[in-house]
Amino acid sequence: MLRLTHTAMPGKLQKTLPIKNLPLIHQILPVFVLTAFAVLASFLWQGHKGFNLWDEGYLWYGAQRVLLGEVPLRDFVSYDPGRYYWSAALMSLWGDSGIMALRGAVAVFQAIGLFTGLLLIAQKSPLRFKFPGFLYLLLSAITLMVWMYPRHKLFDISLSILLVGVLSFLVQHPARLRYFVCGLCIGLVAIFGRNHGVYGAVGSAGVMGWLAIKPDSRKDQPGFGEGLLLWAAGVVAGFTPLLAMMLLVPGFASAFWESIRFLFEVKATNLPLPVPWPWKVSLDSIPSEEAIRGVLIGVLFIGILSFSLVGIAWILFQKFYNKAVSPVLVASVFLGLPYAHYAYSRADVGHLAQSIFPLLIGCLVLLAAQPAKIKWPFAVALCTMSLWVMHAFHPGWQCHASQCKAIEISGNHLMVSPEVESDVRLLRKLAKEYAPDGGSFVVTPFWPGAYPLLNTKSPMWGIYALFPRNEDFQQEEIKRIAAASPGFVLIYDLPLDGREELRFRNTHPLIYRYIIEHFDRVFDSPNPVYQIYTGKKLAE
């Protein structure tokens, strides 16, 4: 066997170590280096480009408030707490609560997800520092990176990749300890996003059912019932930090259960959009780039569902005939179904991007094991299609393709679109004139990023008022507004998705009436959809 030799001192005995015992050099280190390079290159290229007052501002506000001691869900509407505490911890470590510090914290989580995905692919395309293996991994990295959009949703994207890794870990060697570890990881994932916890649970059920068919003859593989109990114990253990918050943080438990109750009240996790089926795209004699992109997006919506349905049928067939199947492929097809549900719940490019990673990883792992004449053409085609569809959505490309303007936000110099620059300038002008020195104001229903932009607390709990709310909730919000005595109110009067019932006046009619009755309308608004009210009336 080829061996590496290390000499401790001249004249002393030499120690030897088999090369096969160096997985760090052969596989993990190249994957780590490629991951670090890809994430850093993306961050340097577009980290200072673009700014989103909507969803990115929603995340930024929460991270800032956690830094100041507030609690997600209890003190402001939010995602699940994990991503805020992750972001706040790193921002605190860096001593910066600005937008670039937030993006840096998100990029670290992105790197964890990308590293996991590439490591799964590398198992089927061994590196050993050889050119073909590394080239395939580079092609895979480009394919995965281009789908890591939008920036403020990189937590969700990385969580989907981590779930593929966790279920692959179970399938690879379904021992008792691994059932528990799998559940543990899903419990931790749920702290960052309860929907991902549910998707992980659905995927786990599929995997455990698949493993129970003609189970492994090894003594350490438990039966279905025992495995389920071990997995459930792991879920509880992983979810312990949030359970501890319910017990120890006053008011958090009621806020958490209220957030679950509200989902049942609105009967939705997202505002739905029609699926962009490929046959709905009108094609001219010479299709435009945008038309081709529309067709490809529609094909991918079909693909994420078909991949799972066909894949599950195939791995079941293989299982019944005792044929080997890649653990990563098993994990990917069982996770593909719940993530397809997420994509279809609001069928736009952003939700497609957050749902596509089981499909991408499954395909790249499947192709890695194929002969070169199949592997390379299809891998290149997948990468090319991904670049064609997604490049136009990234802020780096958008600033390259159109004129961006320089602006300062939280001490950082950013390049943003003219529209965003104008909106930021408007908010700063209103704050300077009507809410100086950190005074209170209200911006609703969109633009939660206005508050961290101006380093101010929102008077309202509902910083992102998308869904209709009942009278009791609105009355509580009115009390908060009255107590804060805001210097100005900006209502973004937009029918979201073109639906008139989603205007703020229709989703929150009592709050809207309170504002128009207690504040004076400014009629020289720079945009007719921006309703601006200032100064509490003297009669009040």
Query - Rounded distance [0.5 Å steps], NZ in Lys375 versus CG in Leu366 - result: 12.0 Å
Requested in this report: Begin with the C-alpha distance, continue with both residues' side-chain angles, and end with the deciding distance and a verdict on ring pair (Phe, Tyr, Trp, His ring centres under 6.0 Å) for His196 and Tyr339.
Outcome: CA-CA 9 Å; His196 297 284; Tyr339 276 100; 5.7 Å; yes
Query raised in the report: Without hydrogens or angle criteria, can the side chains of Tyr149 and His391 be said to hold a donor-acceptor pair below 3.5 Å?
Result: no
**Report entry** Validation row, ring centre Trp447 to ring centre Tyr464 under 6.0 Å
**Finding:** no
Query raised in the report: Can we call the ring centroids of Phe109 and Phe192 under 6.0 Å apart?
Result: yes
Requested in this report: Might you work through the side-chain contact (heavy atoms from CB on, under 4.5 Å) test for Tyr199 and Leu159, ending with a clear yes or no?
Outcome: CA-CA 10 Å; Tyr199 300 155; Leu159 291 173; over 6 Å; no
Query raised in the report: Phe473 ring centre to Arg469 NZ or CZ under 6.0 Å, with the angle to the axis within 45°?
Result: yes
Query - Shortest non-hydrogen separation from Phe393 to Gln398 and the atoms involved - result: O-NE2, 3.5 Å
**Report entry** Gap separating the CG atom of Leu364 from the CG atom of Leu120, nearest 0.5 angstrom
**Finding:** 11.0 Å
Query - With Trp147, the side chain to side chain contact (heavy atoms under 4.5 Å, CB included) member among Leu387, Leu352, Leu359 - result: Leu352
Requested in this report: Kindly give the heavy-atom pair with the smallest separation between Ala141 and Leu34, and that separation in Å.
Outcome: CB-CD2, 4.1 Å
Query raised in the report: Where do Ile142 and Cys383 come nearest, in terms of heavy atoms and distance?
Result: CG2-SG, 3.7 Å
Requested in this report: Kindly check if the number of other-residue, nucleotide or ligand heavy atoms within 6.0 Å of CH2 (Trp314) is above 12?
Outcome: yes
Query - Chi angles and distances behind the side-chain contact (heavy atoms from CB on, under 4.5 Å) call for Ile312, Leu337 - result: CA-CA 10 Å; Ile312 289 172; Leu337 274 180; 3.6 Å; yes
Query raised in the report: Stepwise, does the side-chain contact (heavy atoms from CB on, under 4.5 Å) test hold for Ser204 with Met208?
Result: CA-CA 6 Å; Ser204 296; Met208 289 188 287; 4.2 Å; yes
Query raised in the report: Just checking, any donor-acceptor pair under 3.5 angstrom between side chains of Ser259 and Arg194?
Result: yes
Query raised in the report: Under 4.0 Å between a Lys/Arg side-chain N and an Asp/Glu carboxylate O for Asp497 and Arg346?
Result: yes
**Report entry** Arg176 NZ/CZ over Tyr179 ring centroid, <6.0 Å and within 45° of normal
**Finding:** no
Query raised in the report: Passes side-chain contact (heavy atoms from CB on, under 4.5 Å), Tyr79 versus Phe155? Steps please.
Result: CA-CA 11 Å; Tyr79 301 117; Phe155 283 105; over 6 Å; no
Query raised in the report: Cation-pi between Lys214 and Phe320: NZ/CZ under 6.0 Å from ring centre and within 45° of the ring axis?
Result: no
Query - Cation-pi geometry met for Arg103 and Phe43 (6.0 Å, 45°) - result: no
Query raised in the report: Could you state the interatomic distance from CG (Leu118) to CD1 (Ile28), rounded to the nearest 0.5 Å?
Result: 13.0 Å
Requested in this report: Would you indicate whether Phe32, at its atom CZ, is surrounded by more than 12 heavy atoms from other residues, nucleotides or ligands within a distance under 6.0 Å?
Outcome: no
**Report entry** Donor-acceptor pair between Asn52 and Tyr58 side chains, under 3.5 angstrom
**Finding:** no
Query raised in the report: Can you tell me how far CG of Asp75 sits from CD1 of Ile463, rounded to the nearest 0.5 angstrom?
Result: 11.5 Å
Query raised in the report: Can you name the closest pair of heavy atoms from Cys363 and Leu382 and give their distance?
Result: CB-CD2, 4.3 Å
Query raised in the report: Looking at CD1 of Ile161 and CG of Leu144, how far apart are the two atoms once the value is rounded to the nearest 0.5 Å?
Result: 6.0 Å
Query raised in the report: Nearest 0.5 Å, what's the CG-CZ distance between Leu243 and Phe256?
Result: 8.5 Å
**Report entry** Pair Trp397 + His400: ring centers closer than 6.0 Å
**Finding:** yes
Query raised in the report: Quick check: are there more than 12 heavy atoms from other residues, nucleotides or ligands sitting under 6.0 Å from CZ of Phe37?
Result: no
